[in-house]
Protein chains: 2
Amino acid sequence: MLSSPEYIEKLRKSGLRPTKQRIKICQVLFDTKKTFHFTISDLVKLIETKANEKISLATVYNTIHAFEKKGYLKEISINSSQTYFDTNTTNHHHFFDEKQKELIDLEDIDVDPVKIKKTIPGKKIKSVEVLVKIDSE
Amino acid sequence: MLSSPEYIEKLRKSGLRPTKQRIKICQVLFDTKKTFHFTISDLVKLIETKANEKISLATVYNTIHAFEKKGYLKEISINSSQTYFDTNTTNHHHFFDEKQKELIDLEDIDVDPVKIKKTIPGKKIKSVEVLVKIDSE
DNA sequence: ATACCAGTTTATAATGATTCTAAAGTATTT
DNA sequence: AAATACTTTAGAATCATTATAAACTGGTAT
């Protein structure tokens, strides 16, 4: 597990006070080589198991939104009752298994760059997201 | 405005009883050459203005879900507080203006076919949706 | 026509994710 | 150490959507 000091510095640099709760959430989210997808309720469960600590639901929401604003997380556009987040903030796309409610990364090599030929006057493209819904064969 | 008999037949063919409410919603949704995007609350407003009739919110939800199941509507994957539907059921993609909460169609010629090179054993692709988020320049 | 049945509509309540509130707590600055 | 600004928190509020169950209606058989 990465030591707190590294997260403390990371948080400070972003203008976020390094509180106990934020450090704990950093550890749960970023203390792994593999990136992953999660919902808020997934994260609450992870905090309860990985860290033996209870963080208020409001704080979890606050923190995730703060991290998203700082660019440490990305929200993924899916129509689902819950919002999904991704610790992989690079440009990439997703499979979504609607049965298992599971997201799977598509690497850059899995999808050719999507070129959008249409332009809207006065508007610029912020992001291009491809969502591939999959189902059992 | 298309006459009711045509919608009555269309509904019957799909195994849906042609009720007053369903016919009215058909007229509001399909009585136009141009397809469009809407949320449930958009639709409720449309029904109130175009048709001078009140349809219960529960019925609007029921009907839209029935129409979606029959393939007369498509749900669009966006992370938004409300779900968006599209009367254009052909394969196409979208711009989404997050400020104005507005969807704009991308025609086939605006986006090259998206080829997905990755496969998941036992799973087949159901849909490929591209969502292009746009913002003021 | 009439009566019946399955499918529909409806008002209202329930649900559930998310956001708000405002009081108590904590990091940082003076 | 005190002041200040930012955070956390429990619980309430919000809001889209879904569930409930009673009243209603279209289609069919009599």
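Predicted, not measured: the structure shown is a model, and the values here were computed from it. Proteins come first, then strands; the chains are lettered A, B, ... in the order of their sequence lines, and each starts at number 1.
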Open item on the list: Keeping Ser14(B) on the side-chain end and Leu16(B) on the backbone end, is there a donor-acceptor pair under 3.5 Å?
Closed with: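 No: the side chain of Ser14(B) does not pair with the backbone of Leu16(B).
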
Open item on the list: Strictly distance-based, threshold 3.5 Å: is any side-chain N or O of Asp110(B) a donor or acceptor partner for the main-chain N or O of Glu107(B)?
Closed with: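 Answer holds: yes.
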
Under 4.0 Å from OP1 or OP2 of [N]: is there any side-chain N or O of [X] that close?
{"X": "Thr19(B)", "N": "dT9(C)", "answer": "yes"}
{"X": "Gln21(B)", "N": "dT10(C)", "answer": "yes"}
{"X": "Thr39(A)", "N": "dA17(C)", "answer": "no"}
{"X": "Thr83(A)", "N": "dA17(C)", "answer": "no"}

- [ ] Flag the pair Val132(B) / Ile104(B) as yes when at least one side-chain heavy-atom distance between them is below 4.5 Å, and no otherwise.
- [x] no

Select one nucleotide: of [options], the one nearest the side-chain heavy atoms of [X].
{"X": "Ser56(B)", "options": "dT9(D), dA11(C), dT9(C)", "value": "dA11(C)"}
{"X": "Arg22(B)", "options": "dT8(C), dT10(C), dG26(D)", "value": "dT8(C)"}
{"X": "Tyr61(B)", "options": "dT9(D), dT17(D), dT7(D)", "value": "dT17(D)"}
{"X": "Ile40(B)", "options": "dA17(C), dT9(D), dT17(D)", "value": "dT17(D)"}
{"X": "Arg17(A)", "options": "dT26(C), dT10(C), dA16(D)", "value": "dT26(C)"}

Take atom [atom1] of [X] and atom [atom2] of [N], then tell me their distance rounded to the nearest Å.
{"X": "Arg12(B)", "N": "dA6(C)", "atom1": "CZ", "atom2": "P", "value": "19 Å"}
{"X": "His65(B)", "N": "dA19(D)", "atom1": "NE2", "atom2": "P", "value": "10 Å"}
{"X": "Leu11(A)", "N": "dT8(D)", "atom1": "CG", "atom2": "C1'", "value": "15 Å"}
{"X": "Ile55(A)", "N": "dT8(D)", "atom1": "CD1", "atom2": "C1'", "value": "10 Å"}
{"X": "Ile78(A)", "N": "dA17(C)", "atom1": "CD1", "atom2": "P", "value": "15 Å"}
{"X": "Leu16(A)", "N": "dC6(D)", "atom1": "CG", "atom2": "P", "value": "12 Å"}
{"X": "Ile23(B)", "N": "dG7(C)", "atom1": "CD1", "atom2": "C1'", "value": "15 Å"}
{"X": "Lys20(A)", "N": "dT8(D)", "atom1": "NZ", "atom2": "P", "value": "9 Å"}

Open item on the list: Judged by each residue's nearest nucleotide on DNA chain D, which is more toward the 5′ side, Ala58(A) or Tyr84(B)?
Closed with: Ala58(A)

Open item on the list: Starting from Ile116(B), can I reach Leu106(B) by hopping between I/L/V/M/F/W/Y residues whose side chains sit under 4.5 Å apart?
Closed with: yes

Open item on the list: Between Leu103(B) and Leu131(A), is there shared hydrophobic-cluster membership here, with clusters defined by ILVMFWY side-chain heavy atoms closer than 4.5 Å?
Closed with: no

Looking across every strand, which nucleic acid part, if any, lies under 4.0 Å from [X] by heavy atom: base, sugar-phosphate, or nothing?
{"X": "Ser81(B)", "answer": "sugar-phosphate"}
{"X": "Ser41(A)", "answer": "nothing"}
{"X": "Leu57(B)", "answer": "base"}

Task: ring pair (Phe, Tyr, Trp, His ring centres under 6.0 Å) partners for Tyr84(A), two or more places apart - done: Phe96(A)

